[in-house]
**Student:** 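Please find one structure pasted underneath; my questions will follow.
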Amino acid sequence: MINRFLITRVVLALLFFIVTVLQIFSFPGQFAHMRKESGISLLIEIILTLTAALLFLCAQIAIYSLWKLISHMQSGTFYSMASLHWINRFVAAVKTALIFPFLLILIIAPQADDPGVLVMLSAFTFFIGSIYLMSSLLRDQIQSKVAD
């Protein structure tokens, strides 16, 4: 039988690795390239780089929190104070991550000559928002079970 906990851990580890590579190498290089080719200012490049780095940090915190929650599921202690602690961190990371697409829209919108980027950022914002709402509901469920 396939161990779903093991598969989930492998997927989370790969996701963490990909997010880290994007955070350190891909996005800073992309923004530097945009500055050279498109002529965006150095300040915009720095703001975009910091914004993306902080967004990826939120993703890393969320992924690690999910890792810990998987441990609680596997050990049968999902409805516990320790699990509530990790779901609170997950919700906080996702809530913080929700700020960054809004910032990017404010930064990019005045300079955008193509609505595709803004549509993509809007979809990304709604996606993160839905994850935030669902994780908040899950947190409320865990909290009610722990209180019983």
**Student:** Could you note down all residue pairs passing salt bridge (Lys or Arg N to Asp or Glu O under 4.0 Å) where residues 52-72 supplies at least one of them, sequence neighbours left out?
**Tutor:**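 Pairs touching residues 52-72 that pass the test: none.
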**Student:** Report yes or no: do Tyr79 and Phe5 belong to one cluster of Ile/Leu/Val/Met/Phe/Trp/Tyr joined by side chain heavy-atom distances under 4.5 Å?
**Tutor:**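 Yes; Phe5 is reachable from Tyr79 via cluster members.
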**Student:** Can you list, pair by pair, the side-chain donor-acceptor contacts under 3.5 Å of residues 107-115, counting residues two or more places apart and other chains?
**Tutor:**
{"from": "Asp114", "atom 1": "OD1", "to": "Gly116", "atom 2": "N", "distance (Å)": "3.2"}

**Student:** Under a 4.5 Å side-chain heavy-atom rule over Ile, Leu, Val, Met, Phe, Trp and Tyr, are Leu54 and Leu43 clustered together?
**Tutor:**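 Yes, because Leu54 and Leu43 connect within a single hydrophobic cluster, where side-chain heavy atoms sit under 4.5 Å apart.
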**Student:** Around atom CE of Met134, are there more than 12 heavy atoms of other residues, nucleotides or ligands at under 6.0 Å?
**Tutor:**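 Open: at most 12 neighbouring heavy atoms sit under 6.0 Å from CE of Met134.
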**Student:** What pairs with Ser75 under side-chain hydrogen bond (donor to acceptor under 3.5 Å, both in side chains), at least two apart in sequence or on another chain?
**Tutor:**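 Checked Ser75 against side-chain hydrogen bond (donor to acceptor under 3.5 Å, both in side chains); matches are Thr77.
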**Student:** Side-chain heavy atoms under 4.5 angstrom apart, residues restricted to Ile, Leu, Val, Met, Phe, Trp, Tyr: same cluster for Ile131 and Ile18?
**Tutor:**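 Looking at the clustering, Ile18 is in the same group as Ile131.
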**Student:** To the nearest 0.5 Å, what is the distance between CD1 (Ile70) and OG (Ser65)?
**Tutor:**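 Between Ile70 CD1 and Ser65 OG, I get 11.5 Å after rounding to 0.5 Å.
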**Student:** Determine all donor-acceptor pairs shorter than 3.5 Å in which one atom belongs to a side chain in residues 87-106; sequence neighbours excluded.
**Tutor:**
{"from": "Asn88", "atom 1": "ND2", "to": "Leu84", "atom 2": "O", "distance (Å)": "3.3"}
{"from": "Arg89", "atom 1": "NE", "to": "His85", "atom 2": "NE2", "distance (Å)": "3.3"}
{"from": "Arg89", "atom 1": "NH2", "to": "His85", "atom 2": "NE2", "distance (Å)": "3.3"}
{"from": "Thr96", "atom 1": "OG1", "to": "Ala92", "atom 2": "O", "distance (Å)": "2.8"}

**Student:** Measure across Ile142 and Phe78 and return the closest heavy-atom pair with its distance rounded to 0.1 Å.
**Tutor:**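 The answer is CD1-CZ, 3.5 Å.
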**Student:** By side-chain contact (heavy atoms from CB on, under 4.5 Å), which residues pair with Ile7, not counting sequence neighbours?
**Tutor:**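 If we apply the side-chain contact (heavy atoms from CB on, under 4.5 Å) test to Ile7, skipping adjacent residues, the hits are Ile2, Val11.
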**Student:** Please tell me whether Met73 and Leu66 are part of a single hydrophobic cluster in this structure, the criterion being side-chain heavy atoms less than 4.5 Å apart.
**Tutor:**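 Shared cluster, yes.
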**Student:** Are side-chain heavy atoms of Thr49 and Phe27 found at a separation under 4.5 Å?
**Tutor:**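 Heavy-atom side-chain distance check fails, nothing below 4.5 Å.
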**Student:** Following the transitive rule for hydrophobic clusters with a side-chain heavy-atom cut-off under 4.5 Å over Ile, Leu, Val, Met, Phe, Trp and Tyr, establish whether Val10 and Leu12 coincide in one cluster.
**Tutor:**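 No, no single cluster joins them.
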**Student:** Would you be so kind as to tabulate the donor-acceptor pairs closer than 3.5 Å made by side chains of residues 57-64, with sequence neighbours excluded?
**Tutor:**
{"from": "Gln60", "atom 1": "NE2", "to": "Thr20", "atom 2": "OG1", "distance (Å)": "2.9"}
{"from": "Gln60", "atom 1": "NE2", "to": "Gln23", "atom 2": "OE1", "distance (Å)": "2.9"}

**Student:** Does any non-hydrogen side-chain atom of Arg9 lie less than 4.5 Å from one of Ser71?
**Tutor:**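 Heavy-atom side-chain distance check passes, below 4.5 Å.
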**Student:** Would you list the pairs meeting side-chain hydrogen bond (donor to acceptor under 3.5 Å, both in side chains) in which at least one residue belongs to residues 24-35, sequence neighbours left out?
**Tutor:**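 Pairs touching residues 24-35 that pass the test: Arg35-Glu45.
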**Student:** Could you tell me which residues satisfy ring pair (Phe, Tyr, Trp, His ring centres under 6.0 Å) with Phe16, sequence neighbours excluded, listed by chain and number?
**Tutor:**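 Residues passing ring pair (Phe, Tyr, Trp, His ring centres under 6.0 Å) with Phe16: none at all.
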**Student:** Using the ring-ring contact (aromatic ring centres under 6.0 Å, His included) rule, collect all pairs that involve residues 121-141, keeping only residues at least two apart or in two chains.
**Tutor:**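 Qualifying pairs: none.
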**Student:** In chain order, what residues pass the side-chain contact (heavy atoms from CB on, under 4.5 Å) check against Leu50, with sequence neighbours excluded?
**Tutor:**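 So Leu50 forms a side-chain contact (heavy atoms from CB on, under 4.5 Å) with Ile46.
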